[in-house]
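I have placed the structure first, in the form of structure tokens, so that the comments after it can refer back to it.
Proteins get letters first, then strands, A, B, ... in listed order; numbering begins at 1 in each.
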Amino acid sequence: MTVSVDDFPDGTGALPDAAVAAGPGARETAGFEVHLDVFEGPFDLLLALIAKHKLDITEVALSQVTDEFIAYLSERSDDWDLDQVSYFLVVAATLLDLKAARLLPSGEVEDEEDLALLEARDLLFARLLQYRAYKEVAATFAARMAAAARRFPRRVPLEPRFAELLPEVLLGLGPAEFARVAALALAPRPLPKVSTEHIHAPEINLKEHARLIAARLAQAGRASFRQLTAGAAGGYEIVATFLALLELYREGSVSFDQIAPLSDLFVTWTGNGDTSSVNRLTESDDE
Amino acid sequence: MSSDHSEPEHTGGEGEVGPGLRASLEAILLVADEPVPVVVLAQVLERPRNEVAAELADLAGEYVNEGRGFDLREVAGGWRFYTREDCAPLVERFVSDGQEVRLTQAALETLAVVAYRQPVSRVRVSAVRGVNCDSVMRTLVLRGLVEEAGTDKETSAILYRTTTYFLERLGLASLEDLPELAPFLPADIEDIEDENARA
Amino acid sequence: MSSDHSEPEHTGGEGEVGPGLRASLEAILLVADEPVPVVVLAQVLERPRNEVAAELADLAGEYVNEGRGFDLREVAGGWRFYTREDCAPLVERFVSDGQEVRLTQAALETLAVVAYRQPVSRVRVSAVRGVNCDSVMRTLVLRGLVEEAGTDKETSAILYRTTTYFLERLGLASLEDLPELAPFLPADIEDIEDENARA
């Protein structure tokens with residue numbers, strides 16, 4: 001069965017909650033639509049459907065969604081929306097975890113470990129919903145700020161005759177603490193970095209990771225995806241490897257071959273691309 | 001002090017007892033550089049709070065009806081003069097200050113979590129957003145939208161809350177005027193957050 | 001922009017063409033922090049000077065007739081809102097009754113940067129702090145902690161320095177008594193973050 005936006009007359013009527021949930025996120029991901037066997041439509045609606053149990057996560061080919069997202073970004077190589085990218089990464093990682101949890105046998109709870117997995121699955125669901133709730137309200141914050149910025153408050157110096165009556169200012173700290181505040185303010189700020197640190201995985205720097213993968217491939221000439229992701233610290237690192245490879249492929253730095261469906265995917269270094277877009281992958285919005 | 005006895009500090013000698021409540025409010029709000037709570041106005045003017053509140057509402061309505069270039073609004077717990085919304089293009093042309101910078105999506109989301117969960121630690125905010133929020137939180141503090149609010153007793157992590165300036169930026173009278181969080185938020189979300197925070 | 005042709009960007013559908021001259025003047029003067037010369041107002045509003053001058057005089061008369069708490073006066077070559085004379089005792093009470101003002105974290109940091117880098121322009125302070133500091137600087141000037149100190153020769157940006165009042169509040173005799181920064185400067189950035197977390 002294919003669910004698509006067209007199945008709901010006005011896109012909202014049949015699934016009010018889903019539509020509401022798709023509202024704010026749709027602001028950044030407005031243009032990004034996925035085209036899967038089971039679903040066609042905006043990325044945000046896909047999330048809403050999964051959250052509402054209208055769509056089974058196990059039926060969603062996440063790799064395909066990722067593929068489409070990379071392609072979507074490539075079309076817009078000149079005006080990257082980094083917010084959109086980081087949002088996608090966060091959600092994709094959550095979906096990946098969710099799917100992994102789902103694919104495990106869950107009919108019978110045999111031991112503590114299974115139980116823990118089940119709980120983890122529910123936790124992921126709840127977290128996704130919760131994150132979306134805050135995301136939605138964050139969009140109303142932006143709207144309110146924009147509206148409020150159109151009114152200017154009166155804030156002018158007192159007429160001189162009243163100025164000397166002003167009460168004292170309380171600094172609330174001594175010279176030493178003041179110097180500490182100054183030192184912190186004047187110290188060079190840490191370079192902004194992309195917020196790739198998913199809750200389940202140790203922080204991974206996409207740029208570093210992409211370079212690492214490129215270096216490994218350049219040296220080895222050829223490696224399987226399995227080899228490249230062996231020893232990955234978590235699902236997130238696998239996603240990062242995947243993203244890096246897609247980007248390298250787009251640049252013509254690698255080629256892929258696979259003997260049969262679901263067999264090992266081999267990556268061969270062709271080394272004729274430049275790595276500028278890999279570098280671009282990694283600029284930050286974390287400010 | 002009741003308001004019906006004569007007040008010697010008033011100057012008008014021709015049987016006047018000084019400016020009326022309305023003019024007094026206008027004068028005081030003209031010099032205020034931040035929102036003034038009704039209770040403060042009531043104190044200074046020695047009038048009952050509800051009388052002051054009613055007069056402020058009247059005055060605000062009057063400005064609107066007269067099509068004045070300013071109006072009175074209740075924001076961040078107090079009353080303050082603001083320019084009228086449709087004068088914005090002209091005022092922008094005149095005011096030399098830089099415009100307020102738009103917040104990034106990351107900053108808005110972090111701000112939203114702080115607003116609804118305050119006081120809250122960075123770890124808890126990070127748990128909700130699924131990404132580390134340290135540098136975003138620092139930006140929010142730098143912008144004056146968020147401030148430190150002591151430490152958690154158990155973990156001794158620094159807690160954060162929104163500022164009065166946050167209310168001003170959003171044009172809200174108080175935190176109670178924050179929009180409702182989405183109704184589909186699961187009821188046991190608090191527990192989830194706690195687990196996250198402890199993890 | 002002349003007012004007699006229709007302007008599609010204005011929303012009012014009832015033949016309105018945005019705020020009138022009177023409302024526009026009120027809005028601009030509300031936010032002006034010093035007397036505004038007629039010629040400046042005429043420029044911003046794109047109206048003839050004599051028309052603007054006549055409207056200002058009208059407005060000033062109107063405020064007096066209506067017994068408002070403020071009036072418009074032409075002082076030092078420009079127009080500005082002032083509190084009405086007979087409201088002065090109340091305004092004084094309001095101003096002096098205010099509680100001690102505690103600076104926000106953002107204001108404190110800006111003050112610290114000015115103190116150690118003076119004389120310094122707003123642009124440089126903003127660059128150091130990573131966020132726009134215009135409104136915070138204005139507050140510091142309003143509170144008498146910071147004052148203007150001429151302009152930069154190259155950029156002609158206004159420079160700021162701390163005041164003697166600032167030194168008093170910090171309990172210092174002179175700027176030379178400000179503690180050295182070196183002992184507080186962390187070895188590297190990681191340490192800064194840690195200190196932030198602990199502070």
Inset, instruction - Sort out for me which of V91(C), D177(C), L170(C), L142(C) touches chain A most, counting heavy-atom pairs under 4.5 Å. - result: L170(C)
Legend entry - Derivation and outcome, side-chain contact (heavy atoms from CB on, under 4.5 Å), residues V181(A) and Q105(C): CA-CA 9 Å; V181(A) 170; Q105(C) 223 160 319; over 6 Å; no
Inset, instruction - Could you tell me which portion of T83(C) (side chain, backbone, both or neither) has an atom closer than 4.5 angstrom to a non-hydrogen atom of chain A? - result: both
Inset, instruction - For the residue pair L171(A) and L111(C), establish whether any side-chain heavy-atom pair is separated by less than 4.5 Å. - result: yes
Legend entry - chain A contact via L178(C) - which portion, at a heavy-atom distance below 4.5 Å: side chain
Legend entry - Contact class of F94(C) relative to chain A, heavy atoms under 4.5 angstrom: neither
Inset, instruction - Heavy atoms only: give me the nearest V113(C)-A185(A) pair and the separation to one decimal. - result: CG2-CB, 3.8 Å
Inset, instruction - Could you look at Y116(C) and say if it's the side chain, the backbone, both or neither that has a heavy atom under 4.5 Å from chain A? - result: side chain
Legend entry - Side chain, backbone, both or neither of L140(C) within contact of chain A (heavy atoms, under 4.5 Å): neither
Inset, instruction - Using a 4.5 Å cut-off on heavy atoms from C-beta on, say whether the side chain of L30(C) contacts that of F152(A). - result: no
Inset, instruction - Could you grab the distance from atom CD of E109(C) to atom CG of L184(A), nearest 0.5 Å is fine? - result: 7.5 Å
Inset, instruction - Heavy atoms only: give me the nearest V31(C)-P153(A) pair and the separation to one decimal. - result: CG1-O, 3.9 Å
Inset, instruction - Locate the shortest heavy-atom distance separating P179(C) from P175(A); write the atom from each residue and the value. - result: CG-O, 3.3 Å
Inset, instruction - Please check if atom CZ in R154(A) has more than 12 non-hydrogen atoms from other residues, nucleotides or ligands closer than 6.0 Å. - result: yes
Inset, instruction - Below 4.5 Å from any heavy atom of chain A, which atoms of A27(C) appear? Answer side chain, backbone, both or neither. - result: neither
Inset, instruction - Return the minimal non-hydrogen interatomic distance between A183(A) and L181(C), and the atom names on each side. - result: N-CD2, 3.7 Å
Inset, instruction - Answer with side chain, backbone, both or neither: which region of L172(C) has an atom nearer than 4.5 Å to a non-hydrogen atom of chain A? - result: side chain
Legend entry - Closest non-hydrogen atom pair, F178(A) against A115(C): CE2-CB, 3.7 Å
